[in-house]
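Data first, discussion second: the structure below is written as structure tokens.
Just so it is clear, the values below take in all heavy atoms, side chains as well, and ignore hydrogens, waters and symmetry mates. This structure is a prediction, so every number in the text was calculated from the model and none was measured.
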Amino acid sequence: MRCDAVQRQFDALEFDALSASETTRLRHHLTACPACAAALDARQAEDVELKAALAAEVPPLGMWSAVEAAIIASPAPLRRAAPRSLHRGLRWAVGVATAAVLFAVAGRWSVRPPRTPVTPPSRSIASSPAAPASSETVAAYVMGAWRDPFADQVALGARAWAHRTSETSLPAAESTTGGG
Amino acid sequence: MVRLPSANARQSVRAGRLPWPFASSGGVSRGGASLCRAASLLAWGMALVAGCAGWSAPPKGATPPDAAAWVKRATSADSRIPYFATMHTHIAAGTGYTESTARIWRNGARQRIEYGPAAAPQRILLDDGAHVRWLDPQTRTVTLAATGRRSPQVDLLLKNYRAAWDGSGVIAGRPSRILRLTPLHPPGPSRRLWLDRATALTLRTDSFSADGALQSSSFALSVTFRPKLTADRFRVPSGWRETALPADPPRWTLATLSERVGIPLIGLARPPAGFRLDEMALTQTGSGVPSAHLRYTDGMNSLSLFEHPYPRAGGGMGRGMGRGMGRGRGMGRGRRGSGVSETVGEPCVLLAGQAGRSLRIFGEDRVYILVADLPERALRAVAATLK
């Protein structure tokens with residue numbers, strides 16, 4: 001067996017995906033080839049180190065439940081991912097706009113009531129051109145292509161996961177990039 | 001057309017046997033037999049040389065295999081051949097890219113994808129052919145992702161995309177043919193695929209957006225065919241918490257989905273050329289408002305139209321019709337095609353440079369969101385048909 005072919009099978013060996021004969025052949029090569037044996041040793045040592053390092057980073061039990069509860073308890077518009085400065089600016093703009101609308105409506109009502117009730121759309125969603133489409137929407141769009149011919153499922157999965165789990169993973173400048 | 005020596009032929013060569021028509025036949029004279037043997041050896045030698053040349057580079061002028069037939073073969077290869085592979089993927093994100101390594105176990109319609117380091121995967125995806133489940137090892141929770149359950153629409157793909165060979169290469173040590181799929185109705189996305197010569201399995205996929213930018217590239221680092229696979233690989237481990245796993249979703253129609261979402265759905269009167277309605281689904285917005293998802297596809301690109309009513313002031317759409325309907329501004333006044341108000345809001349461009357480009361359109365009684373991998377001008381043209 002060639003060394004590059006052997007080393008390409010390390011993943012399969014690690015995950016016990018090789019047949020008995022393939023495993024025997026590979027083990028036989030490893031006993032005769034110090035380079036491949038060293039590569040496998042190094043890889044296994046890295047795995048152990050990585051596993052230990054990642055285990056130390058596991059958050060305490062119940063942390064996610066607390067975060068989830070906090071997200072659910074907060075009002076929906078606050079869950080939108082946007083730069084802090086944008087939030088501040090938006091709040092200021094919405095405040096001014098609301099005051100202006102109230103002032104105008106109060107003025108009009110003092111003269112005569114409107115003929116039809118004013119039912120503005122939900123401003124928190126409607127008025128911001130920079131508000132990203134919700135993560136749920138993007139994830140639904142991305143995963144909609146899952147069963148298409150030649151869908152790159154590895155990339156789709158990674159992309160959908162990023163959108164599903166973290167709105168802040170969307171770049172803030174996405175609404176300003178040019179079209180094709 | 002130069003074809004590679006078949007597996008049987010190669011095995012015969014290894015075993016020292018000469019396959020027909022080169023094997024000498026009995027019932028001839030001694031001199032004739034020697035002549036025959038010499039001729040057959042000469043012919044076999046020439047065939048061997050031609051075969052070797054075929055492995056490295058097909059001679060100029062050789063007829064390539066039928067690309068459309070290979071498209072069909074390649075789309076079924078995933079479910080035909082059990083395999084284990086390690087893949088690496090690069091995904092465009094903003095001005096840079098992110099990358100990830102994943103391990104895939106595939107057996108028929110079932111597959112498992114593990115992202116992150118082999119020692120401690122950060123996320124796992126299980127696909128049973130009908131549902132995709134996300135497993136989060138940190139919280140030991142499982143959630144369902146809506147993917148539909150249709151089979152790949154290969155005929156639609158071939159109707160809207162040109163398949164052509166674009167050379168050859170080697171991926172994960174395996175000789176591959178490179179296939180390019182380009183739109184017949186541009187603008188649209190395109191793909192460059194490295195197909196394993198022996199099995200037609202896709203070993204590398206380069207996905208380009210409608211503006212020609214590389215969106216993602218995923219390639220095999222190693223692949224093992226017919227690996228040892230246990231059923232446990234494709235099961236949710238015991239003790240994990242499954243959340244939001246509904247019963248099988250119903251087959252939605254416009255009428256039933258309209259009723260569920262609380263507004264009469266309009267849909268696209270004139271989808272872009274080559275696109276057709278693929279499926280309908282119920283989803284929800286970030287604030288929990290039920291939203292209809294109408295998905296159109298041309299076989300590779302997809303165009304999603306989301307429609308949802310405005311949320312009720314002070315608390316969601318839990319009871320159904322919402323503000324517009326309740327006050328007679330929605331269904332009562334609406335007519336087909338009248339949903340977009342010029343004054344309420346202009347379409348806004350969202351998500352440019354991502355997996356798709358999106359427009360949000362504020363109608364009188366609803367919000368439309370269009371998402372597709374199309375240039376902004378093309379997407380605005382689709383939005384205009386909503387008026």
Side-chain angles (χ1 to χ4, degrees), chain A residues 4-5 8-9 11-12 14-19 47-48 50-51 54-55 58-59 64 76 79-80 117 119 121-122 125-126 129 132-150 152-155 157-161 164 170-171 173-180, chain B residues 75 84 86-87 89 91 94 100 102 113 115 117-120 123 125 139 145-148 150 152 154 157 173 191 193 205 207 210-211 216 218 222 224 227-228 283-287 293 295 302 304 306 310-311 327 329 344-345 348-356 358 362 369 371 375-376:
Chain A
D4 57 343
R8 270 198 298 270
Q9 288 191 316
D11 266 344
E14 184 175 353
F15 287 101
D16 195 26
L18 294 177
S19 65
D47 277 357
V48 169
L50 195 57
K51 208 167 194 168
L54 288 172
V58 171
W64 173 244
R79 281 191 274 150
R80 292 282 160 270
T119 52
S122 174
I125 297 175
S134 78
S135 291
E136 289 79 1
T137 302
V138 178
Y141 170 73
V142 170
M143 289 305 283
W146 186 259
R147 302 208 189 282
D148 282 351
F150 299 116
D152 182 355
Q153 293 180 331
V154 176
R159 190 167 255 162
W161 180 273
R164 204 181 65 79
L170 295 175
E174 63 196 358
S175 61
T176 57
T177 320
Chain B
T75 47
F84 167 75
T86 304
M87 304 279 294
T89 184
I91 304 167
S100 179
I113 303 179
Y115 292 92
R123 48 197 190 261
L125 187 150
T139 58
T147 60
R150 66 199 182 282
V154 187
L157 176 83
R191 295 261 200 287
L193 306 154
T205 304
S207 305
D211 55 12
S216 64
S218 302
S222 67
T224 305
K228 200 166 70 182
T283 176
Q284 64 175 19
T285 66
S287 51
H293 179 189
R295 183 177 186 273
S302 57
S304 285
F306 296 87
Y310 288 108
R327 297 198 181 181
R329 287 179 54 81
V344 173
C348 346
V349 183
L350 308 165
L351 287 172
Q354 294 294 301
S358 150
F362 302 102
I369 301 172
V371 193
E376 185 183 336

**OP:** Look only at the side chain of R295(B) and the backbone of S302(B), and say whether a donor-acceptor pair between them is shorter than 3.5 Å.
**Re:** no
Give a yes or no on whether the backbone of V142(A) and the side-chain of R159(A) come within a donor-acceptor separation of less than 3.5 Å.
no
Okay, S207(B) and chain A: the region with an atom under 4.5 Å from a heavy atom over there is side chain
By ring pair (Phe, Tyr, Trp, His ring centres under 6.0 Å), F84(B) pairs with (sequence neighbours left out) F15(A), W105(B)
Bottom line for A210(B): the part with an atom under 4.5 Å from chain A's heavy atoms is neither
query = Would a 4.5 Å heavy-atom cut-off, applied to side chains only, mark Y115(B) and V154(A) as touching?
reply = yes
Check your understanding: How about D11(A) and T86(B): does a side-chain donor come under 3.5 Å of a side-chain acceptor?
Key -> yes
Cut-off 4.5 Å, heavy atoms of chain B, and the answer for A12(A) is both
Cut-off 4.5 Å, heavy atoms of chain A, and the answer for T224(B) is side chain
Under 4.5 Å to a heavy atom of chain B? For D4(A) that would be neither
Whatever's closer than 4.5 Å to a heavy atom in chain A on T89(B) counts as side chain
